[in-house]
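Written below as structure tokens is the structure these notes are about.
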Amino acid sequence: MTIRVRFPGDIEVSTKFFGRFTPVDMVRGGAPLVPGLLLQSIVLVLIGALTGGLLLVYRPYGKPIDVLGYRYLRQQWYLRRGDNDSLDISVSPAVFGDSDIVVSDGVGAGVIRVDPVNVSMMTDVEQTAVQRVFRDALASASYPVTIYSRQETTSVPDYIDHLDERFAGAMTSSNEAVQAMMEDYLSHCRQLSDDGIELTRHYVVVPVSVDELERDTISSRTVRAASVAETVLDVMPDAVEDHVKPLATPLVTHIDRQDMEVTKREVYTEIDSRCREMKQRLNAGDLKAKRIAGDDLADFADTVSMTDIEPEVDGWRSDDGTYYKQLAVTEFPASMEFAWPRMLLRVDGFVDITQVVTPRTPADTAQTLERRKEKLRAERDSFLKAGLGNIEYLEARYEDAEWMLDLLANREDRPFDYAAYITVRGESYAKCEETFQQVTNRLRTAQIEFEKPVFAAERAADTYCPVTEDAWNEAQLMPGSSVAAGLPFATRQLDQEQGVLYGVDTDDGLPMLLDRFTWDSHSLVRIGTLGSGKSYATKLELLRMLMVYPELNIYVVDPKLEYKNLMDALWGRVHEVGSNTAISDIAVHGRRACFTPPERGTMDMDVMADLIRYLQHKTTENDGYSLVVIDEARHFLTHDDARTALNNFVLEARDTDTAVTLVTQNASHFTHSRAGTEILKNTPATVFMRHDTVDDAVIEFFDLSQREAAELHQLKTGKENPYSEALFQVDRQLDAKLSIEATPAEHRFIEQFGRY
């Protein structure tokens, strides 16, 4: 579950006549009547009335016609200044020398990169703590800050290199099926890498403008001296100036240079100070921030630069052929989920989010809120006197103003001007428009109001660059707690160099590479009803772990004889374990073994309890990693001795580099017993396949949301589709729905050897 955060509405409410028209609207509708009234022409009055009514009612793109006309003419004027095809907006940030400062249009800035955090896996208390850290970091600044999230395409070269190295010595295997699987798996991973993987990079840009800084006394004097000297030179007669100028010019030039150096030093010092402060604040809690410099900063400056653009009606095209569309958020609903930008960053396509946060003085803001309260009260009273109902909107805004005043009075929060801009990119207009529609649909579903920059491409493109000032200026007054709900650092990053490909996230298409042996405990529970694909997924994981981890030891407890043929094909010895079997007589030689009953479904649980203890002992003697698969784990959970042995094995497995996989049909098999819940507490990963029923105890234990509980009934299976789906939860790392699909060679191997 994700906590919800209160958002105030826009309390800047304009006075409305008849409950609908603002003073500007009245001027807009009445101005066309003036010529007819002055000339006393009924025809002109009628034409003016029609024109005024049209200006009031008809609003293409949500804007009055006169506003769109002004914007269009302004854009045409900009075009006339250029080559009539493009707008030269000259937003080209560049790294200054070898420093860690990026400059653009008179603004210098430091750039801090923030790593993502897994908000989905946090409790309410942990989410609140992260929100507070982000809020306090913003509140510590007395200057504007821009939070910029940019999606880009990356690959998985480190993982590919690891597979190449791992498979290099194994491709000579005499088992042609295993070799084919290795080649297929490597090809599959290369294909994912070549297709490109969309990741989101998050930055906090800390700007400083020269105009923003106050000059010290020496600097101010030099400015005045230079100004006086230049003025004197200008008013001198030419004959005198010819004699004086050669003497005065070096002085003026020296003064200008000295002033410039002082200013540059002040800017650099201020940027360094602000970045250190912001980075220290962000690094508190679970956030991890690092200032970028050198090539990383140069790459950042290059990606956000914007020069010649070709304007579209509600977007633009850059000089490299990329299409852009932008939205400005104009109002939020009464509450939003914490880290709400992640719902937009998970659409199919490139979405960038720019959030501009400008601190306000609490005392001045309190006075502003008081004035707006009075205006809201007067507006509400006028509505009531006029007999106009529907004052809920005004009441809500009045309550929002009181709420923010209380926060400021109690010093519980600080005020900010907050603006959020969503920019969509696409290599073609069709792709850009497709992504744009997904974004607008999600915004409407979340009841977030927005505006398009119609005939305002130059302003939107300027705003897109996080190093420049906010040219659009669609800011709204908000408390820090609401601003911090826009924490965008909730996307996942792909930094795994080893491990197994478990599937692809159905939300953002990100491959999930997980290395079980990096977890605090290496165990995993896979749960699903008959036909859900749990056994298939377990065999697929087994094959991929065998391919990826060198010298892996594999032991399978197989009550239903589903793994017997597969293990035999992998050079594993099959041991029958019946009621007369003495575990002491079983001597496992080699790295792979499968344990089955004499007949399918018949198990002596006393013997099985001894088998679990034997495997626990065996793994302590092994070199390298071990994987133990226990199918039909529900039988072990209903037997006291077997349940105790299983609990001890899972608890101790982490110390012997052993990954235990438990497979059963329903999570209630664990949650109905104390020992079962103990096993779950020591198991960091749970994989939910499709369920027919979900007990309340299961929902409570796993803290499943209503959406997740409902999805358990709707997850796809391999019987209906070429892949199955699972809810995959890994403590502090992952909480996602994955599609699980085998390569052709893997599927053939499982079909041939993995069936009873």
Side-chain angles (χ1 to χ4, degrees), residues 113 115-116 118 150-173 175-201 295-296 299 303 345-346 348-350 427 491-519 522 524 537 539-552 554 570 624-625 627 657 659 685 722-723 726 728 730 733-734 736 738-750:
R113 184 157 57 207
D115 290 341
N118 197 340
R150 176 183 174 85
Q151 289 191 321
E152 54 194 43
T153 302
T154 187
S155 60
V156 285
D158 293 335
Y159 186 65
I160 301 297
D161 292 343
H162 168 72
L163 290 182
D164 273 328
E165 182 180 352
R166 163 73 182 99
F167 292 169
M171 286 299 187
T172 58
S173 167
N175 190 318
E176 294 182 0
V178 173
Q179 182 169 328
M181 283 192 295
M182 288 183 174
E183 293 173 346
D184 233 14
Y185 182 67
L186 182 58
S187 175
H188 179 60
C189 292
R190 278 182 177 146
Q191 184 63 49
L192 288 174
S193 181
D194 292 342
D195 289 344
I197 300 168
E198 292 179 10
L199 291 181
T200 306
R201 306 292 185 189
D295 291 340
D296 289 340
D299 290 342
T303 57
L345 295 171
R346 286 188 169 186
D348 182 18
F350 293 108
E427 59 185 13
T491 56
R492 282 186 293 278
Q493 58 183 351
L494 188 65
D495 56 3
Q496 196 76 60
E497 297 182 12
Q498 299 189 51
V500 167
L501 177 64
Y502 279 84
V504 175
D505 191 319
T506 59
D507 282 337
D508 53 26
L510 192 66
M512 285 297 108
L513 297 172
L514 298 173
D515 185 355
R516 289 177 62 170
F517 297 105
T518 63
W519 303 346
H522 317 318
L524 176 150
K539 294 166 188 172
L540 182 62
E541 179 195 29
L542 185 153
L543 293 175
R544 290 182 175 177
M545 290 184 71
L546 175 64
M547 290 188 288
V548 170
Y549 297 103
E551 307 302 326
L552 179 69
I554 303 176
L570 296 174
Y625 296 136
L627 170 66
D657 286 331
Y723 60 90
F728 212 119
V730 183
Q733 292 190 41
L734 178 66
L738 305 185
S739 63
I740 303 169
E741 186 173 5
T743 66
E746 291 169 333
H747 180 70
R748 287 194 301 269
F749 193 87
I750 294 174

### Task
With side chain to side chain contact (heavy atoms under 4.5 Å, CB included) as the test, would you mind laying out the steps for M181 and L546 before giving the verdict?
CA-CA 11 Å; M181 283 192 295; L546 175 64; over 6 Å; no
### Task
Test F728 against L514 for side chain to side chain contact (heavy atoms under 4.5 Å, CB included), laying out the working first.
CA-CA 11 Å; F728 212 119; L514 298 173; 3.8 Å; yes
### Query
Taking it one step at a time, do L543 and L570 satisfy side chain to side chain contact (heavy atoms under 4.5 Å, CB included)?
CA-CA 9 Å; L543 293 175; L570 296 174; 3.9 Å; yes
### Task
Give the intermediate values and the outcome of side chain to side chain contact (heavy atoms under 4.5 Å, CB included) for residues V548 and L163.
CA-CA 7 Å; V548 170; L163 290 182; 4.0 Å; yes
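Shown here are the side-chain hydrogen bond (donor to acceptor under 3.5 Å, both in side chains) partners of H747, two or more places apart in sequence or in another chain: Y536. In this view, E152 and R201 satisfy the salt bridge (Lys or Arg N to Asp or Glu O under 4.0 Å) rule, not counting sequence neighbours. Contacts of D299 classified as salt bridge (Lys or Arg N to Asp or Glu O under 4.0 Å), with partners at least two apart in sequence or in another chain: none. Judged as a salt bridge (Lys or Arg N to Asp or Glu O under 4.0 Å), and not counting sequence neighbours, the contacts of E746 are R544. Annotation: side chain to side chain contact (heavy atoms under 4.5 Å, CB included) contacts of A537 (sequence neighbours excluded): R526, M689, I740. Considering only residues two or more places apart in sequence or on other chains, A180 meets the side chain to side chain contact (heavy atoms under 4.5 Å, CB included) condition with A745.
Checked by atom type and distance alone, the side chain of E541 never pairs as donor or acceptor with a backbone atom of Y502 at under 3.5 Å.
In this structure, Y549 and Y625 have perpendicular ring planes: the angle between them is above 60°, well past the 30° mark.
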